[in-house]
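Some notes on the structure that comes next.
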Amino acid sequence: MDRTSTPAVELDGVTRRYGETTAVGDLSLSIQDGEFFTLVGPSGCGKTTTLRLIAGFEDPTQGGIRFGGESVTGVPPEDRDVGVVFQNYALFPHMSVGENVGYGLSFTDPPGGGSDEARVRELLELVDLGEMADRDPDTLSGGQQQRVAMARALAPGPDVLLLDEPMSALDAKLRERLRVQVREIQQELGITTIYVTHDQEEALAVSDHVAVMHDGTPEQVAPPRTIYREPATEFVATFVGDNNVLSGEVTAVRSTDDADDNGDGSEQSIADVTVDDATFSVALNGDSDPTAAVSSGDRLTFCVRPERLAVDADRNALTATVTSAEFLGETTRVHLDWEGRELLLRTEDPPTGTVTVGFAPTDAHIVDRQP
Ligand code: ATP
């Protein structure tokens, strides 16, 4: 993936309104050639509309869309070189599996020459259904049908593959297996793929870049690790995985090389943030906003992942009451009450009753600053 080359797909200030509803508002995205790019967000945030705009099933009310630097305004879906797999991937029941895949070739010649039959065989092998060409679709499992739909979309050799919640009808275990297969196929072909899901875990698991959408706009576009470790906003921090969010007033900003504060003895800027009667030391994120100019009197909102809270830690310690616990196998998610706030702890060894938990200043991540 070359981030300096012309993006495979670009959205430039795209807005799509339906009457009073703004489904997508002033959306700009750059999707590089060969990347797996995921749009994730809650129901109604504009994911499907964005995909339909890229496919050409909808026109933007404002803004432009480019493929490989060329505007596709007014270009109908069938001339956009996109393959689409929808949520409801509806295979043709009266055609065999092979004929379904071949249908993707009805309006075009197979890419790279060769016969339609050879192309169908090649694709069915790609999706691991080489033996199933003569079967009726309704004799296949949901996961197998989904792979046939993907093979059908890939048959004409599209430049871009669009997947709209393709696994939402399948059970959790199967989704996990299939997302790995989809990622493997995408990497084998090197095809630019735009994937829509409301499942944040799925988004983190398969993507090169994730756009976390909220109310028709992305709140953050970044690689999965950055989304998880350095969420740009409180919405991203709480939508993607569990998080503890605290807000308070900055009472001091200081620089420290105290190993107790940052663990490795390197210099670190710290804000002391008072939340009710407690004061927490929070490492400033560095050069990136919103922390660049933190000063006393500011209101800071920061978050700490439940797995970063440590039982019996003495830094940034608070004493809370365990209200419930969910056994999740490898870890337990423990619900805590601290001064009327619900906090979450993830641990292999769940405490009961009253517990003291703390966190390192560098495990706190600032998501908002109000001067
Ligand atoms: P979901 O995960 O539930 O599928 P989504 O993030 O894909 O949601 P969209 O389907 O893009 O969301 O819809 C975004 C908003 O635009 C919603 O408020 C929806 O009701 C509205 N909307 C979408 N299509 C239309 C339409 N054809 N006419 C009117 N409103 C629409």
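Predicted model only: the values in this text are computed from it and were never measured. Read the numbers this way: they start at 1 and go in the same order the structure lists the ligands and their atoms.
- Regarding atom 4 (O) of ligand 1, its nearest protein heavy-atom neighbour is Thr48 OG1, 3.8 Å.
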For salt bridge (charged side-chain N to carboxylate O under 4.0 Å, His left out), just list the numbers for Arg16 and Asp26, CA-CA rounded to whole Å, side-chain angles, deciding distance to a tenth of an Å, and then say yes or no. CA-CA 8 Å; Arg16 172 68 210 197; Asp26 195 19; over 6 Å; no

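- Note on ligand 1: Cys45 sits in its first shell, one or more heavy atoms being nearer than 4.0 Å.
- Counting only heavy atoms, the protein gets under 4.0 Å from atom 24 (N) of ligand 1.
- Selection from Gly19, Gly216, Gly46, Gly44 by nearest heavy atom to atom 1 (P) of ligand 1 gives Gly44.
- Within ligand 1, counting atoms from 1 as listed, the ones closer than 4.0 Å to a heavy atom of Pro42 are 6 (O).
- Contacts with ligand 1 closer than 4.0 Å are made by no heavy atom of His198, backbone or side chain.
- In this structure, atom 19 (C) of ligand 1 is not in close contact with the protein, since no protein heavy atom lies within 4.0 Å of it.
- In this structure, Glu70 places its CD atom where only 12 or fewer heavy-atom neighbours from other residues, nucleotides or ligands lie under 6.0 Å away.
- Atom 29 (C) of ligand 1 has as its closest protein heavy atom Tyr18 CB, 3.3 Å.
- A side-chain donor-acceptor contact under 3.5 Å links Thr50 to the backbone of Gly46.
- Not counting sequence neighbours, the partners of Tyr195 by the ring-ring contact (aromatic ring centres under 6.0 Å, His included) test are Phe36.
- Contact check on Glu326 versus Arg333 returns a salt bridge, with a Lys/Arg side-chain nitrogen under 4.0 Å from an Asp/Glu carboxylate oxygen.
- By the 30° and 60° cut-offs, the orientation of the rings of Phe57 relative to Phe86 is tilted.
- Inclusion of Thr21 in the set of residues having an N or O under 3.5 Å from an N or O of ligand 1 is not warranted.
- Atoms of ligand 1 found under 4.0 Å from any heavy atom of Ala23, numbered from 1 in the order shown, are 14 (C), 15 (C), 16 (O).
- Residues in residues 127-151 take part in no ring pair (Phe, Tyr, Trp, His ring centres under 6.0 Å) pair, two or more places apart or across chains.
- Atom 9 (P) of ligand 1 has its closest protein heavy atom at Thr49 OG1, 3.5 Å.
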